[in-house]
2 protein chains.
Amino acid sequence: MSSHAPIGRKVTLNDIAAGCDVSRATVSLVLRGSPLVHKLTRARVEDELRRQGYVYNRAAANLRRRSSSSIALILNDLANPFFAEFAAGVDEALGAAGFVTLLGCTGESAEREQAVLGSLLEHGPGGIILSPAERSNAHDVLAVVGRRAPLLLFNRELGGTLPEFAHWDQLMLDNQHGARLATEHLIARGHRRIAFFGGHHDSSSCRQRHAGYVEAMHTARLRTEPDWRIECAPTRLDAAHRASALFDATHTPTAAVCYNDAVALGLMLGLHQRGLRPGQDFALTGFDDIAEAALGMPSLTTLSTAPHERGRQAAQLVMQRLQQPQAASCQTIAPVQLVVRESSCPPPTA
Amino acid sequence: MSSHAPIGRKVTLNDIAAGCDVSRATVSLVLRGSPLVHKLTRARVEDELRRQGYVYNRAAANLRRRSSSSIALILNDLANPFFAEFAAGVDEALGAAGFVTLLGCTGESAEREQAVLGSLLEHGPGGIILSPAERSNAHDVLAVVGRRAPLLLFNRELGGTLPEFAHWDQLMLDNQHGARLATEHLIARGHRRIAFFGGHHDSSSCRQRHAGYVEAMHTARLRTEPDWRIECAPTRLDAAHRASALFDATHTPTAAVCYNDAVALGLMLGLHQRGLRPGQDFALTGFDDIAEAALGMPSLTTLSTAPHERGRQAAQLVMQRLQQPQAASCQTIAPVQLVVRESSCPPPTA
DNA sequence: TCTCGCTTTTGGAACGATCCAGAACGGCAC
DNA sequence: GTGCCGTTCTGGATCGTTCCAAAAGCGAGA
């Protein structure tokens with residue numbers, strides 16, 4: 001009753017050819033819409049394809065054509081909405097172009113990244129979109145990827161630059177500029193003691209955002225205390241735990257530029273638990289503009305990165321590279337935009 | 001300088017065989033760890049594999065073996081953290097077992113679902129995990145999938161049951177029981193006028209949750225007004241917009257059982273905008289226990305579904321089916337657990 | 001009828017792996 | 001030397017497609 005019938009032998013080109021009395025080659029031409037086949041023949045073949053329920057075997061075709069119809073997407077953290085939306089954008093654009101997305105998650109582990117890269121490469125992707133794990137480095141990635149597929153680096157740079165590095169395309173966010181904008185905004189609001197909260201110094205994007213913060217502070221002739229640089233994992237949970245570190249400083253800050261939205265939302269919670277009202281007693285900004293940012297209480301001032309759109313862009317860049325393997329490698333820096341909301345209040349004393 | 005060198009011809013079994021003077025067949029045996037090859041031969045071959053930087057071509061192997069090493073994962077909405085975490089769980093378990101995840105997003109469109117299914121099938125996945133779009137129906141899915149791969153239905157049932165339906169495995173959440181628990185909890189807190197907020201009646205999971213709510217209300221001999229059933233898309237944004245509908249009712253409710261966490265968080269925002277404090281002036285519950293639920297202000301009482309774990313489970317179920325294609329189809333209902341937090345306060349008048 | 005040129009069709013060799021039947025080898029007993 | 005056995009290795013066919021060179025079909029003009 002509920003047992004599965006045996007999966008019947010797959011229908012192949014030969015079956016179709018036999019079914020309507022033409023050669024395998026002709027059926028193949030029909031499938032690919034060649035103008036060489038006669039109208040009537042085409043119609044007969046197409047009927048037969050439908051009748052037998054034929055499904056194209058792309059793997060076999062790719063083998064013969066030495067082509068590929070898939071792109072590997074390797075992410076450090078799918079649970080982060082920023083990457084989830086990015087992935088949705090990648091898949092949308094790839095799917096529209098007839099490519100299929102091979103997914104791989106690394107969970108911020110460089111070892112898993114190696115394993116995942118190796119495994120996905122065996123499936124012969126035409127290209128790779130890689131958002132590297134925090135400790136990932138160029139040498140190891142090069143060792144496993146080599147010249148087997150073009151690579152697009154997203155969001156973070158890799159540690160340990162190599163000569164071959166120039167062969168990889170890059171799609172980065174304008175981290176330094178964005179953090180600078182956020183910091184300038186807080187300064188304009190009247191803050192003088194501003195912390196930089198969250199992220200690890202291992203990550204290039206974090207270093208860049210920190211640099212933007214420092215740049216803005218120095219330009220405004222404001223000091224930056226070592227106490228005002230608080231590291232934590234780029235997750236809500238860890239940020240909430242580390243919130244208290246802000247108030248261990250000798251000069252306690254009145255505002256914080258956060259590494260990203262996840263960290264900022266976590267910090268809000270941490271402040272809340274200390275009896276402080278974010279957006280009233282303490283100002284903060286995020287980075288990424290994930291969906292929750294607009295809906296938080298208070299809503300979060302942040303830098304919009306349009307992750308879905310970045311995903312589509314990444315897909316475009318990889319497909320472009322497939323068409324022109326010899327073109328010079330490109331380094332794209334996506335602009336970010338300051339979105340002012342409630343969390344970036346003036347300091348309470350002002 | 002920064003131009004790409006031509007991607008060299010791929011290293012194949014033949015190259016390795018020639019390189020260490022054995023036959024192609026022997027190299028193949030080495031790759032698969034066969035005990036038939038002599039220890040010394042094995043060592044020589046393995047050296048050569050490393051020396052030439054060989055990468056296994058799984059597509060070619062699968063073609064000959066008529067096997068598959070991939071599973072298709074088709075989701076209605078990756079931007080929802082519930083599904084993103086589910087996807088991470090699926091990928092984790094599949095990756096550990098040597099499978100690769102073929103990703104496809106449908107964006108709640110049944111047409112896209114058809115297209116995505118068709119496209120992914122051409123890559124010959126060994127199985128399919130499908131979280132259907134809202135309007136998806138069994139007939140259309142059967143027409144494109146047929147017997148070409150075993151299918152696991154996740155989270156939602158399909159409209160329009162068919163005789164062949166029994167061939168598909170299912171992994172569902174215990175929606176009715178969960179919603180009942182949430183409703184009973186609110187009743188125990190002292191609420192009498194409770195609404196059911198969000199979701200569409202098209203979705204089987206929504207109907208089940210609503211049924212659980214009705215069950216609890218009737219068991220407690222409480223009335224349910226038609227005004228207290230407010231539909232909206234299962235997203236934060238739409239829920240926020242529809243919040244006011246709660247107060248159009250003749251008897252305004254003091255609490256709401258929400259379709260899921262996204263809706264509940266959106267409703268919180270909507271309440272906030274009306275000057276009501278969720279968790280103080282109005283009680284609500286969610287469903288899913290996504291990461292934000294614990295961190296909200298107030299934190300959200302909800303039903304824990306452990307999406308990451310559900311993902312791993314889904315992967316296990318599909319792989320199990322691959323090993324035993326003939327076994328009876330299984331319908332798994334994953335338990336859910338009530339997590340009481342701040343949002344489910346007693347009614348203000350109590 | 002024969003040849004030319006154009007359209008349409010075709011057989012067989014790839015692609016890179018696996019499978020299978022049997023070969024080569026060495027040792028050991030007769 | 002011969003037969004037998006177990007271990008180790010191998011050539012060729014095969015999976016489902018594409019490519020290519022060449023064949024077949026067909027009017028028209030000589």
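All values derive from a computational prediction rather than experimental measurement. Each chain gets a letter, A, B and so on, in the order the sequences are listed, and its residues count up from 1.
In this structure, the CG atom of B:Asp15 is 11 Å from the P atom of C:dC15, given to the nearest Å. C:dC25 atom C1' lies 15 Å from atom CG of B:Leu40, rounded to whole Å. Counting to the nearest Å, the P atom of D:dT17 and the CG atom of A:Leu31 are 8 Å from each other. In this entry the distance linking CZ of B:Arg65 with C1' of C:dC20 reads 15 Å, nearest Å. Between A:Arg66 atom CZ and C:dC15 atom P there is a gap of 6 Å when expressed in whole angstrom units. Between A:Asn14 atom CG and D:dT17 atom P there is a gap of 8 Å when expressed in whole angstrom units. Following rounding to the nearest Å, B:Glu122 (CD) and D:dT18 (P) show an atom-to-atom distance of 11 Å. Rounded to whole Å, atom P of D:dG16 lies 13 Å from atom CG of B:Asn62.
Taking the side chain as every heavy atom from C-beta outward, B:Thr332 and B:Met172 never approach each other to under 4.5 Å.
Comparing the start and finish of the helix from C:dT1-D:dA30 to C:dC30-D:dG1, five pairs each, the helix axis swings through 80°, to the nearest 10 degrees.
With 3.5 Å as the limit, one finds a donor-acceptor pair spanning the side chains of B:Asn76 and B:Ser131. For the residue pair A:Ser109/A:Thr106, the side-chain donor-acceptor check at 3.5 Å is not satisfied. Under 3.5 Å, the side chains of A:Asn62 and A:Ser69 contain a donor-acceptor pair of N or O atoms.
Remark: B:Arg44 does not engage B:Asp47 in a salt bridge, criterion side-chain N to carboxylate O under 4.0 Å.
Between the side chain of A:Arg312 and the backbone N or O of A:Glu92, no donor-acceptor pair lies under 3.5 Å.
You'll find that the side chain of A:Ala60 is closest to D:dT17, out of D:dC19, C:dA17, D:dT17.
Annotation: salt bridge (Lys or Arg N to Asp or Glu O under 4.0 Å) contacts of A:Arg135 (sequence neighbours excluded): A:Asp202.
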- [ ] Assess whether salt bridge (Lys or Arg N to Asp or Glu O under 4.0 Å) is satisfied between B:Arg156 and B:Glu108, documenting all intermediate values.
- [x] CA-CA 12 Å; B:Arg156 287 181 187 157; B:Glu108 292 288 13; 3.1 Å; yes
TODO: Check the pair B:Glu113 / B:Ser136 against side-chain hydrogen bond (donor to acceptor under 3.5 Å, both in side chains), numbers first and verdict last.
DONE: CA-CA 8 Å; B:Glu113 187 176 290; B:Ser136 176; 2.4 Å; yes
TODO: Classify every nucleotide of nucleotides 7-13 of chain D by which part a protein heavy atom approaches to under 4.0 Å, writing B for the base, S for the sugar-phosphate alone and - for neither, in 5'-to-3' order.
DONE: -BSBBBB
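Distances shown here put a side-chain N or O of B:Arg32 below 4.0 Å from the OP1 or OP2 atom of C:dC19.
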